[in-house]
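Worksheet: one structure, shown below.
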Amino acid sequence: QVQLVESGGGSVQPGRSLTLTCTVTGANLDFYAVGWFRQSPGKRREGISSLNGEDNAAYYADSVKGRFAVSRDKDKSAVYLQMNDLKPEDTAIYYCAVVHGAAFGGTVWSIANLYDHWGQGTQVTVSS
């Protein structure tokens with residue numbers, strides 16, 4: 001059974017950094033794409049990054065490009081989202097999700113319905 005647990009959220013001031021961790025069990029991430037999504041009250045769930053297990057290709061939403069970086073630790077079956085220069089508009093619940101057998105390209109990676117296992121989310125609040 002595939003399970004995902006996010007951690008590392010918290011409250012920070014604008015301009016600070018946070019690293020989110022998605023720990024995955026029951027799946028070999030070499031054969032999965034891992035996506036990061038976020039959702040704030042009243043808004044749709046937004047895809048912000050994805051990492052292909054097969055070719056290590058990484059994708060980012062324009063809203064976070066240059067500030068966020070996704071990476072993977074194979075030994076720990078974990079995927080990280082390094083978030084730098086955080087802004088108040090980054091405030092949201094952040095989710096990780098996986099889908100088996102996908103090697104995304106273009107903008108397909110950001111479609112939430114393509115992912116079939118999700119974590120419970122971790123809150124990130126950016127405020128002065």
Side-chain angles (χ1 to χ4, degrees):
Q1 183 178 0
V2 179
Q3 293 186 321
L4 295 78
V5 177
E6 302 94 339
S7 59
S11 295
V12 296
Q13 294 181 327
R16 297 287 194 175
S17 299
L18 278 176
T19 300
L20 304 183
T21 301
C22 176
T23 302
V24 183
T25 56
N28 183 340
L29 292 182
D30 288 348
F31 305 108
Y32 283 77
V34 181
W36 284 97
F37 294 77
R38 67 185 181 188
Q39 190 168 21
S40 50
K43 294 188 177 181
R44 296 178 64 179
R45 190 166 293 193
E46 174 191 17
I48 55 174
S49 183
S50 184
L51 182 67
N52 289 339
E54 292 186 13
D55 59 11
N56 226 33
Y59 302 93
Y60 300 94
D62 289 342
S63 58
V64 305
K65 200 171 292 182
R67 299 189 297 123
F68 290 13
V70 63
S71 61
R72 181 160 72 106
D73 185 330
K74 291 185 178 182
D75 292 337
K76 295 182 180 179
S77 193
V79 177
Y80 307 102
L81 185 68
Q82 173 69 40
M83 306 186 295
N84 300 319
D85 189 23
L86 283 161
K87 305 175 186 296
E89 52 264 40
D90 294 319
T91 296
I93 299 174
Y94 283 69
Y95 302 88
C96 62
V98 297
V99 55
H100 182 262
F104 291 130
T107 60
V108 176
W109 63 267
S110 63
I111 301 174
N113 287 344
L114 295 179
Y115 296 80
D116 46 26
H117 298 280
W118 291 78
Q120 293 300 307
T122 184
Q123 176 71 47
V124 172
T125 302
V126 185
S127 173
S128 55

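Computed from a predicted model, the values in this text were never measured in an experiment. One is the number of the first residue; the rest follow in order along the sequence.
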Exercise. Above 12 or not: heavy atoms from other molecules or residues under 6.0 Å from CG of Asn113?
Worked result: no
For this session: Looking only at non-hydrogen atoms, find the nearest pair between Leu51 and Ala58 and report the distance.
Result: CD1-CB, 4.0 Å
Exercise. Can you hop from Tyr60 to Val124 via hydrophobic side chains spaced under 4.5 Å?
Worked result: yes
For this session: Anything under 30° is parallel, anything over 60° is perpendicular, the rest tilted; go ahead and classify Phe37 against Trp118.
Result: tilted
Exercise. If you look at every heavy atom in Ala78 and Thr21, which pair is closest and at what distance?
Worked result: CB-CG2, 4.2 Å
Exercise. Between Trp36 and Leu20, does a side-chain contact (heavy atoms from CB on, under 4.5 Å) hold up when you go through it step by step?
Worked result: CA-CA 10 Å; Trp36 284 97; Leu20 304 183; 3.7 Å; yes
For this session: Check whether any side-chain heavy atom of Pro88 lies under 4.5 Å from a side-chain heavy atom of Ser127, and answer yes or no.
Result: no
For this session: Considering only NZ, NE, NH1 and NH2 on the basic side and carboxylate oxygens on the acidic side, decide whether Arg16 and Asp90 come within less than 4.0 Å.
Result: no
For this session: Evaluate side-chain contact (heavy atoms from CB on, under 4.5 Å) for Leu4 paired with Thr23, printing each intermediate quantity in order.
Result: CA-CA 6 Å; Leu4 295 78; Thr23 302; over 6 Å; no
Problem set entry | Closest non-hydrogen atom pair, Tyr115 against Ala33 | CE2-O, 4.1 Å
Exercise. Are Leu81 and Val34 joined in one hydrophobic group, where the rule is that I, L, V, M, F, W and Y side chains link up if heavy atoms are under 4.5 Å apart?
Worked result: yes
For this session: Would you kindly confirm whether Val64 and Val79 end up in one hydrophobic cluster when ILVMFWY residues are joined by side chain heavy atoms under 4.5 Å apart?
Result: yes
Exercise. For the atom pair OG (Ser71) and CG (Asp73), what is the distance rounded to the nearest 0.5 Å?
Worked result: 8.0 Å
Exercise. How far does NZ of Lys87 sit from CG of Asn84, to the nearest 0.5 angstrom?
Worked result: 11.0 Å
Exercise. In Å, rounded to the nearest 0.5 Å, how long is the span from CD1 of Ile93 to CD of Glu6?
Worked result: 10.0 Å
Exercise. What distance do Ser17 atom OG and Gln82 atom CD have between them, rounded to the nearest 0.5 Å?
Worked result: 5.5 Å
Problem set entry | Side chain Asn52, main chain Phe104, donor-acceptor under 3.5 Å | yes
For this session: Say whether Ile48 and Tyr59 are linked into one hydrophobic cluster, either directly or through other cluster members, by side-chain heavy-atom distances under 4.5 angstrom.
Result: no
For this session: Mind listing the closest non-hydrogen atom pair of Ser77 and Ala27 along with its distance?
Result: OG-O, 3.9 Å
Problem set entry | Check: Gln13/Ser128 side-chain N/O donor and acceptor closer than 3.5 Å | no
For this session: For Leu18 and Leu86, work out which heavy atoms get closest and say how close.
Result: N-CD1, 3.8 Å
Exercise. Would Tyr94 end up clustered with Val12 when hydrophobic side chains under 4.5 Å apart are linked, directly or stepwise?
Worked result: yes
Exercise. Hey, is the main chain of Gly9 close enough, under 3.5 Å, to the side chain of Thr122 for a donor-acceptor pair?
Worked result: yes
For this session: Kindly determine whether Gln123 and Thr91 satisfy side-chain hydrogen bond (donor to acceptor under 3.5 Å, both in side chains), including the steps that lead there.
Result: CA-CA 8 Å; Gln123 176 71 47; Thr91 296; 6.0 Å; no
Exercise. Taking the six-membered ring of Tyr95, is NZ or CZ of Arg38 closer than 6.0 Å to its centre and within 45° of its axis?
Worked result: no
Exercise. When rounded to the nearest 0.5 angstrom, what is the spacing between CD in Gln3 and CD in Gln120?
Worked result: 10.0 Å
Exercise. Atom OG in Ser49, atom OH in Tyr80: separation rounded to 0.5 Å?
Worked result: 15.0 Å
Exercise. Could you go step by step and tell me if Val108 and Leu114 meet the side-chain contact (heavy atoms from CB on, under 4.5 Å) rule?
Worked result: CA-CA 9 Å; Val108 176; Leu114 295 179; 3.3 Å; yes
Seminar exercise, completed: Ser63 and Glu46 have their tightest heavy-atom pair at OG-OE2, 3.1 Å
